[in-house]
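This structure is a prediction, so every number in the text was calculated from the model and none was measured. Throughout, numbering of the chain's residues begins at 1 and tracks the sequence.
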Amino acid sequence: MNTKISEIDESSLKLSKEIIEDGGAVAFPTETVYGLGANAFNTAAVENIFKIKGRPNDNPLIVHVHKDYDLSALVDFVPDYAVKLAKAFLPGPLTMVYKSKGKVSPAVSCGLETLAVRIPSHEGAQRFLKYLNLPIAAPSANVSKHVSPTAAEHVFYDLNGKIELILNGGKCSGGIESTVLDCTGEAPVVLRSGLITREMIEKVAGSCAEYVYKEGAAARSPGMKYKHYSPACRTSLYAYEERFAALAEYKSERGRGVKAFILCDNQTATELKAEYVLNLGSTENEIAANLYSKLREGEGMADYIIAIAPEKQNGVMAGVMNRLKKACGSNL
Ligand code: AMP
Ligand code: MG
């Protein structure tokens, strides 16, 4: 199969509709990462997404809809706080988990009674979803466990020959996956941190808890228990306080001829003055937006990526830390 990358226009939208209605998959941009979408009503199409990615079959998908889609057709119960949160943050990088009405294929939620729903703000994503007017089940458009794609070329690198069409909407501005929020209980619970932070949710909803997955326990959001976001080379993660130990490790590896690179924010890069650096930038939003593209850039030239955590750990950095730990297989 030839994989085509197209700008989003009438002709590529028409082709994407044909592919999706025929039970196929199309990659499309969102403000977080690129998604690999299929018709959520079609079980074979949804199962195919798992196959294309090599995704474990107990890790449920998020359904994406356009901003005028009638969500009450898909989910059952929308608590007051969820209405407030939707008003404050949607369309945007927030996925809300509700009780499912069982209208989409059970393959989407891997048999769970809940459904994760997202309304992306990316203009290209909205056009695509509006054109189809279907709920689109979509995980990130990468091979399972690899770094998530934040540009059309990243999708092509992972899925060339496996899908027909990639809609090109440029570089994703957000850069890390959406916040996943459980809205089935009396108060919201963050299942996966992202750009809509726990602190932002708390301000609107009054309270907001954060679910912490414990190794071996039944995961409330099954994606948590898997290794994720990993570049193809060796990695390690150092705490901010250990940054000089990271520098020593970098120097010792370089001394042995290993192509080691330090991955860190601009503040740490300036302080450490290492020659080979994957610089994530200065602001929280820059760091999130650059994280995956720098991991991909790094795996193309490094034998070993030595990541250093940012000093700040809350807000958007909670989401960045979650991804860094998973990318580096670290329990830091
Ligand atoms: P990805 O599509 O790779 O961004 O992953 C989707 C994330 O959403 C995973 O972490 C899933 O575990 C989570 N998720 C999807 N559906 C549900 C659901 N019904 N309940 C809880 N978590 C979900
Ligand atoms: Mg993913």
Side-chain angles (χ1 to χ4, degrees), residues 1-4 6 8 10-30 32-76 91 95-120 122 124-144 149 155 158-167 169 177-178 180 221-223:
M1 187 187 293
N2 270 335
T3 302
K4 201 166 120 181
S6 296
I8 304 176
E10 189 58 30
S11 106
S12 63
L13 286 172
K14 194 161 167 281
L15 176 59
S16 69
K17 190 171 161 76
E18 282 163 20
I19 296 170
I20 297 276
E21 285 180 351
D22 203 33
V26 171
F28 65 100
T30 79
T32 59
V33 303
Y34 275 69
L36 180 62
N39 180 358
F41 291 131
N42 181 334
T43 297
V46 174
E47 284 174 346
N48 192 35
I49 295 270
F50 286 83
K51 269 189 226 131
I52 292 170
K53 283 184 54 106
R55 184 177 175 98
N57 61 7
D58 65 348
N59 189 8
L61 307 183
I62 295 167
V63 157
H64 295 63
V65 293
H66 64 74
K67 61 182 172 31
D68 303 316
Y69 195 90
D70 178 14
L71 268 183
S72 68
L74 302 181
V75 292
D76 219 10
T95 294
M96 299 168 87
V97 176
Y98 298 114
K99 187 153 181 358
S100 176
K101 273 196 165 147
K103 296 287 193 257
V104 301
S105 162
V108 173
S109 292
C110 304
L112 296 174
E113 288 181 352
T114 51
L115 184 66
V117 189
R118 170 154 143 69
I119 305 174
H122 189 286
Q126 280 293 326
R127 273 183 81 187
F128 167 70
L129 294 166
K130 194 99 193 183
Y131 198 90
L132 294 160
N133 200 27
L134 280 171
I136 296 296
S140 50
N142 53 288
V143 166
S144 189
V155 182
D158 276 26
L159 301 181
N160 180 21
K162 294 184 176 173
I163 58 173
E164 219 174 299
L165 179 64
I166 300 166
L167 293 174
E177 297 81 354
S178 59
V180 178
S221 185

Looking only at heavy atoms, what is the nearest atom pair of [X] and [Y], with distance?
{"X": "Leu165", "Y": "Ser12", "result": "CD2-O, 3.7 Å"}
{"X": "Val155", "Y": "Ala27", "result": "CG1-CB, 3.7 Å"}
{"X": "Ala137", "Y": "Ile49", "result": "O-CD1, 4.4 Å"}
{"X": "Pro149", "Y": "Val33", "result": "O-CB, 3.3 Å"}
{"X": "Thr43", "Y": "Ala107", "result": "CG2-CB, 4.2 Å"}
{"X": "Val46", "Y": "Asn39", "result": "CG2-O, 3.5 Å"}

Supply the atom-to-atom distance [X] [atom1] to [Y] [atom2], rounded to the nearest 0.5 angstrom.
{"X": "Ile62", "Y": "Met96", "atom1": "CD1", "atom2": "CE", "value": "12.5 Å"}
{"X": "Glu10", "Y": "Arg127", "atom1": "CD", "atom2": "CZ", "value": "7.5 Å"}
{"X": "Lys17", "Y": "Ile20", "atom1": "NZ", "atom2": "CD1", "value": "10.5 Å"}
{"X": "Thr95", "Y": "Ile119", "atom1": "OG1", "atom2": "CD1", "value": "10.0 Å"}
{"X": "Leu132", "Y": "Phe28", "atom1": "CG", "atom2": "CZ", "value": "9.0 Å"}
{"X": "Lys53", "Y": "Lys162", "atom1": "NZ", "atom2": "NZ", "value": "10.5 Å"}

Within the 4.5 Å heavy-atom criterion, are [X] and [Y] side-chain neighbours or not?
{"X": "His66", "Y": "Pro91", "value": "no"}
{"X": "Lys4", "Y": "Leu15", "value": "yes"}
{"X": "Ile8", "Y": "Pro29", "value": "yes"}
{"X": "Lys103", "Y": "Leu115", "value": "no"}
{"X": "Leu134", "Y": "Phe41", "value": "yes"}
{"X": "Leu129", "Y": "Tyr69", "value": "no"}
{"X": "Phe128", "Y": "Pro120", "value": "no"}

[X], [atom1] atom: more than 12 neighbouring heavy atoms under 6.0 Å:
{"X": "Lys67", "atom1": "NZ", "value": "no"}
{"X": "Asn2", "atom1": "CG", "value": "no"}
{"X": "Glu18", "atom1": "CD", "value": "yes"}

Review point. So which of Asp158, Ile19, Thr3 actually passes side chain to side chain contact (heavy atoms under 4.5 Å, CB included) with Ile163?
Key: Thr3

Review point. Just by distance, do the side chain of Ser100 and the backbone of Gly102 share a donor-acceptor pair under 3.5 Å?
Key: yes

**Study point:** Under 3.5 Å: donor-acceptor pair, side chain of Tyr98, backbone of Ser72
**Key:**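 No; judged by distance alone, with no hydrogens or angles, the pair does not exist.
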
**Study point:** Sole residue of His64, Arg118, Gln126, His122 in side chain to side chain donor-acceptor pair (under 3.5 Å) with Thr30
**Key:**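 Looking at His64, Arg118, Gln126, His122, the match for Thr30 under the side chain to side chain donor-acceptor pair (under 3.5 Å) is Arg118.
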
Practice item. List the steps, then state whether side-chain contact (heavy atoms from CB on, under 4.5 Å) holds for Val63 with Val108. Key: CA-CA 8 Å; Val63 157; Val108 173; 3.7 Å; yes

